[in-house]
Amino acid sequence: MNATDPIIQAALLGTAAKEFVPENLPAFLSEAFRPIRETAGDAEEALYRMAALTFASQRAGLQTEERGATPAPIDEAQEEERPYFSRELANKLEILCTDREQELLLYAYRRAAEDKSERLIPPLYLPGLIAHAFDRNLPVKYRGRERELFGRLAGRRGVWLLRRMGIDASEAAEDEKEAWETASHEARKRILHRMRAERPAEGLALLQGELKSESAAHREELIRELKTGLSLADEPFLTTIADKDRGQAVRQVARELLFRLPGGGLVGEYADLLRGKIRYNRLTGWSYDPAAYTPRMKELGLEELSPNKKEKDAAFLLRQLAERMPLGFWAELFGCEAEEAAERLARKPPFGTFFDLAKPILNFEDRAWAYHTLRANPTGDHVFDLLGLLSPEQREEIDLRADDQTTGVRLTNSDWLWEDDRPWGPKFSARIVNRLIREDRYCYDPTVKRLAVLLDRSVLPLLDRPLADEKTDNAVAWFCQTLKDNLQTRDEVDRLIENA
């Protein structure tokens with residue numbers, strides 16, 4: 001029986017008809033009741049006092065220390081120097097947690113963290129939001145971002161409470177180097193990712209000091225984080241790892257990162273193998289000279305035989321090299337500026353349809369190359385992969401062709417849709433919404449909720465038109481209404497942050 005049930009029964013019947021006799025209670029409560037019964041003026045007063053103690057004990061979830069034991073000291077939370085957001089906003093955060101509106105919750109956290117007032121979440125709401133952020137059942141793709149953003153809004157009291165709750169508070173710690181020493185592997189990945197985004201050199205130094213003590217699997221995952229903020233300054237370290245690390249998978253990851261450096265030694269070696277073997281003439285087009293397959297090519301990851309019977313092996317070998325070349329190589333080959341070289345490749349690439357132009361652009365994450373390519377040819381399976389590299393301003397200039405049938409599929413399957421939080425402009429937003437309204441089979445729940453935090457609010461009239469038409473397909477109507485509801489909730493969050 002619950003400890004509070006006998007108290008409730010006695011209160012309902014009244015102490016004159018039902019005397020409260022504590023039974024089957026924890027020893028510390030029974031012992032605490034004895035002096036209350038002895039000193040109380042009457043049975044009613046005793047009931048009130050025992051009820052208050054019982055409910056307080058149950059709510060706290062704690063037991064009193066045994067007599068004679070030295071109570072553990074509890075340090076006090078430091079005073080905050082930053083102001084708090086309104087309770088109305090904090091209450092909205094709790095509602096978004098309860099309703100499992102993960103995308104809108106992250107949006108609210110992000111907007112609050114970027115607000116110039118630098119306000120914090122009121123302490124009253126911290127326990128519930130902590131419980132949600134550190135719930136083990138929270139999907140991995142949301143977990144790191146939510147904890148990092150929450151840590152920026154929790155303040156000193158939030159860090160203190162996390163520590164009292166026995167939760168790894170590395171995400172909220174101000175001193176990342178100190179947090180690294182005691183952090184879990186997952187927390188270290190988040191710390192390293194954040195440092196590489198803000199201070200790449202410090203992130204590399206932090207990793208170099210601890211890498212030898214990590215397992216091969218952990219080394220591999222930590223080195224992958226160097227992709228963020230990758231530059232030629234990382235080349236010596238990665239070269240050493242690629243040559244000497246005892247883990248094969250670790251060496252492979254290091255080589256993959258070296259392959260992403262357009263001015264690095266590995267890419268330069270690829271370029272030397274291809275240079276002179278491929279030529280372009282405005283009148284005759286592309287021409288090629290075969291290259292002999294060598295043991296070094298095998299070491300570099302090049303394959304000798306084409307898996308496609310329609311492609312000759314000699315052309316396949318050269319194509320592998322060509323798909324590893326940065327834009328600077330093509331500008332040199334064409335003898336022109338980079339912008340013109342990108343446009344020429346987009347209109348007439350080497351090796352015909354076998355050449356995957358998106359592969360080198362995505363590998364080098366070359367935004368300018370992607371931009372000029374899409375301006376020259378905004379069609380095909382590569383469109384939405386390349387759009388992920390562009391800034392919102394650049395996307396406004398890309399005219400998505402109405403006859404391109406890959407939009408819905410490529411959009412929902414593009415990783416950047418879920419990782420890039422930059423809001424879209426009105427033109428690009430309108431083009432996406434119009435396409436998705438036409439392709440109703442791709443309008444499913446996660447995509448709608450994600451779009452609601454990215455689209456410009458100017459698309460709301462586009463959603464009203466299908467909703468007003470009785471002939472609109474049910475799937476399209478559901479998409480429009482759900483998206484509209486989420487956009488309006490986002491507007492409410494914006495209002496609460498601005499007016500808090």
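These numbers come from the heavy atoms of this one structure, side chains and all, not from hydrogens, waters or symmetry mates.
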Should the pair Arg422-Asp420 be classified as a salt bridge under the 4.0 Å nitrogen-to-oxygen rule? yes
Distance (rounded to the nearest 0.5 Å) between Arg188 CZ and Leu222 CG: 7.5 Å
Residue pair Glu103, Lys449: steps toward the salt bridge (charged side-chain N to carboxylate O under 4.0 Å, His left out) verdict: CA-CA 6 Å; Glu103 292 291 347; Lys449 294 183 182 300; over 6 Å; no
Between Arg196 and Glu225, is there a side-chain N and carboxylate O pair less than 4.0 Å apart? no
salt_bridge(Arg100, Asp135) N-O dist < 4.0 Å: no
Centroid-centroid distance, Phe259 to Tyr270, less than 6.0 Å: yes
Between the side chains of Arg375 and Asp399, is the shortest nitrogen-to-carboxylate-oxygen separation below 4.0 Å, so that they form an ion pair? no
Test: Arg495 and Asp491 ion pair at under 4.0 Å: no
Just how far is it from atom CZ of Phe428 to atom CD1 of Ile432, taken to the nearest 0.5 Å? 4.0 Å
Salt-bridge test for Glu396 and Lys427: reply yes if a basic N is under 4.0 Å from a carboxylate O, no otherwise. no
Does the distance from a Lys or Arg side-chain N to an Asp or Glu carboxylate O, for Lys189 and Glu186, drop under 4.0 Å? yes
Against the six-membered ring of Phe351, is Arg319 placed for a cation-pi contact (under 6.0 Å from the centre, within 45° of the normal)? no
Do Arg260 and Phe364 meet the cation-pi criteria used here (NZ or CZ under 6.0 Å from the six-membered ring centre, within 45° of the axis)? no
Is a donor from one side chain sitting under 3.5 angstrom from an acceptor on the other, for Arg296 and Thr294? no
What I want to check is whether the side chains of Thr379 and Asn377 have a donor and an acceptor closer together than 3.5 Å. yes
Tell me whether the NZ or CZ atom of Lys141 lies within the 45° cone about the ring axis of Trp418 and under 6.0 Å from its centre. yes
Ion pair check, Glu146 and Arg110, cut-off under 4.0 Å: no
Is a side-chain N or O of Arg367 found less than 3.5 angstrom from the main chain of Leu390, in a donor-acceptor match? no
Quick one about Tyr107 and Asp494 (side-chain donor to acceptor, distance below 3.5 Å, no hydrogens or angles considered), yes or no? yes
Are a donor atom and an acceptor atom from the side chains of Gln248 and Arg251 found within less than 3.5 Å of each other? no
